[in-house]
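So the structure is just underneath, and the comments pick up after that.
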Amino acid sequence: SDNGASADIMVRGEGPDPQAPPGSRKTFLRLGPGWWSCANTPFRRHKTWVHEGGISTPLVVHWPAGIRTGGELRRTPGHVIDIVPTVLEAIGVDWPDTVRGHTQRPIEGTSMRYSFADGAAPTRKSRQYFEMFAHRAIWADGWKATTFHQPGHAYDADEWELFHLDADFSECHDLSAEHPEKLHEL
């Protein structure tokens with residue numbers, strides 16, 4: 001899957017033809033800023049942002065031999081860097097120290113296989129930091145701090161928001177003023 005709708009505007013030739021059949025080559029090629037919010041509902045923001053509308057991506061795993069509880073939903077947080085460790089663990093292969101004489105960097109992700117059998121299993125991740133175009137966020141134990149970077153401004157001038165995703169997965173309530181200690185911790 002993909003990580004949310006994009007607010008990009010792409011113009012080809014003279015632009016979109018409002019009389020053209022919907023979905024044809026002559027219609028809008030992107031959603032544009034007027035529709036990204038609707039497409040990402042119930043999440044906030046869109047691609048290039050580190051709010052859930054720009055980063056939340058469903059992952060569908062089908063493995064009848066290894067997943068006995070088929071069709072169940074998991075809310076285990078993960079990251080793209082967790083896919084390789086998950087696959088390696090599932091097939092029983094260790095990450096090599098060297099390949100053809102070249103030392104390999106250690107794998108950085110965490111296998112998500114533990115969540116396949118038990119949807120209530122606590123996450124092995126304690127923190128996850130991410131950045132896109134200088135917009136930054138950190139997730140830890142259900143809490144998430146985010147900031148939108150204003151080009152031309154210093155990073156330390158960016159204002160941070162705080163959300164408790166376990167209770168507010170669509171990031172509607174900024175808790176930074178109510179929980180400054182948690183924001184500082186993150």
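The first residue of the sequence shown is numbered 1, and numbering continues consecutively from there.
Between atom CG of residue Leu59 and atom NE2 of residue His79 there is a gap of 13.0 Å, rounded to the nearest 0.5 Å. The CD atom of Glu108 sits 10.5 Å away from atom CG of Asp82, with the distance rounded to the nearest 0.5 Å. Here the straight-line distance linking atom CG of Asp158 with atom OG1 of Thr146 works out to 10.5 Å at 0.5 Å rounding. A distance of 5.0 Å separates CD1 in Ile81 from CD in Gln128, rounded to the nearest 0.5 Å. Rounding to the nearest 0.5 angstrom, the gap separating the CD atom in Glu185 from the CD1 atom in Ile138 is 9.5 Å. Between Phe116 atom CZ and Glu89 atom CD the span is 8.5 Å, to the nearest 0.5 Å.
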Handout entry: Worked verdict on Thr103 versus Asp97 for side chain to side chain contact (heavy atoms under 4.5 Å, CB included)
Key = CA-CA 6 Å; Thr103 302; Asp97 293 327; over 6 Å; no
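The shortest side-chain heavy-atom distance between Thr69 and Arg74 falls under the 4.5 Å cut-off. Inter-residue side-chain proximity for His164 and Glu178 is flagged as unmet; no heavy-atom pair is nearer than 4.5 Å. Residues Arg113 and Trp63 meet the side-chain proximity criterion, which asks for heavy atoms closer than 4.5 Å. Under the 4.5 Å side-chain criterion, counting only non-hydrogen atoms from C-beta, Phe163 is not in contact with Glu52. Using a 4.5 Å heavy-atom cutoff, the side chains of Trp143 and His179 are in contact. Contact check for Arg136 versus Tyr129: side-chain heavy atoms found under the 4.5 Å cut-off. Two residues are said to be in side-chain contact when any heavy atoms from C-beta on lie closer than 4.5 Å; Ile107 and Leu88 meet this criterion. With a 4.5 Å cut-off on side-chain heavy atoms, Glu171 and Glu161 do not count as touching.
Closest non-hydrogen pair, Arg45 versus Trp49, comes out as NE-CZ3, 2.9 Å. The minimum heavy-atom distance between Pro42 and Ser170, with the atom names listed, is O-CB, 2.8 Å. Looking at every heavy atom in both residues, Leu186 comes nearest to Ala140 through CD2-CB, 3.5 Å. Across all their heavy atoms, Ser176 and Leu183 have their closest contact at CB-CD2, 3.7 Å.
Of the possible donor and acceptor atoms, one in the side chain of Thr86 sits under 3.5 Å from a partner among the backbone N and O of Met112. Put simply, the side chain of Thr98 never gets that close to the backbone of Pro96: no donor and acceptor are under 3.5 Å apart. A donor-acceptor distance shorter than 3.5 angstrom exists from the side chain of Arg68 to the backbone of Ala65, with no hydrogens or angles considered.
Atom CD of Gln104 is surrounded by more than 12 heavy atoms from other residues, nucleotides or ligands within 6.0 Å.
Hydrophobic clustering keeps Trp95 apart from Val99 (ILVMFWY residues linked when any side-chain heavy atoms are closer than 4.5 Å, directly or through intermediates).
Below 30°, between 30° and 60°, or above 60°: for His135 and Phe148 the angle between ring planes is below 30°, a parallel geometry.
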